[in-house]
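Atoms within each ligand, like the ligands themselves, are counted from 1 in listed order. Just the heavy atoms: all of them, side chains too, but no hydrogens, waters or symmetry mates, feed the values below.
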Amino acid sequence: MMYSEKVMDHFMNPRNVGEIEDASGVGTVGNAKCGDIMKIFLKIEDGVVLDAKFKTFGCGAAVATSSMATELIKGKTIKEALEITNKAVMEALDGLPPIKVHCSCLAEEALHAALWDYAEKNGIVIEGLEKPVNDISEHEHLPEEDY
Ligand code: FES
């Protein structure tokens with residue numbers, strides 16, 4: 001299996017590892033099939049994501065995608081943050097092997113879960129944001145063979 005230099009870099013030197021104590025939103029998402037768990041913390045003020053941190057118990061690609069996802073979301077408005085799909089994360093990492101695509105889905109879902117938590121805490125609705133799942137392996141749109 002070949003990983004891009006960027007994936008290797010974000011795996012070996014992950015950015016934004018840790019927790020935000022007074023986080024505006026926290027999202028935890030797992031994948032029951034591989035057993036990996038990702039937790040993302042966001043600090044949001046005036047509709048802008050000021051800081052993002054993560055804790056990931058998972059494979060190298062899950063670490064690299066959480067590192068990149070937290071990098072991408074920093075400084076973004078909530079609306080822009082919704083555009084950080086698993087595809088955008090993969091593109092920013094110069095791609096992932098097909099068998100590792102689902103790891104990037106974990107990153108997208110964890111970002112969404114943190115945004116959802118933020119919205120709930122503040123009694124607001126984020127347009128275009130669907131209620132995230134706790135276990136992404138329940139997503140039917142992910143083909144079996146990706147695991
Ligand atoms: Fe589970 Fe990568 S193998 S997230």
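Within a radius of less than 2.8 Å around atom 2 (Fe) of ligand 1, the protein N, O or S atoms are Cys59 SG, Cys103 SG.
Under the side chain to side chain contact (heavy atoms under 4.5 Å, CB included) criterion, Ala32 pairs with Asp135, Ser137, sequence neighbours left out. With sequence neighbours left out, the side chain to side chain donor-acceptor pair (under 3.5 Å) criterion links Lys121 to Asp117. Taking the side chain to side chain donor-acceptor pair (under 3.5 Å) definition, one finds that Lys79 meets it with nothing, sequence neighbours left out.
From Glu19, atom CD reaches atom NZ of Lys55 across 3.5 Å, with rounding to the nearest 0.5 Å.
Between Ile84 and Glu108, the closest side-chain pair of non-hydrogen atoms is not below 4.5 Å.
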Should Thr56 and Ser66 be marked as a side chain to side chain donor-acceptor pair (under 3.5 Å) after you check the CA-CA gap, both sets of side-chain angles, and the distance that decides it? CA-CA 7 Å; Thr56 291; Ser66 12; 2.8 Å; yes
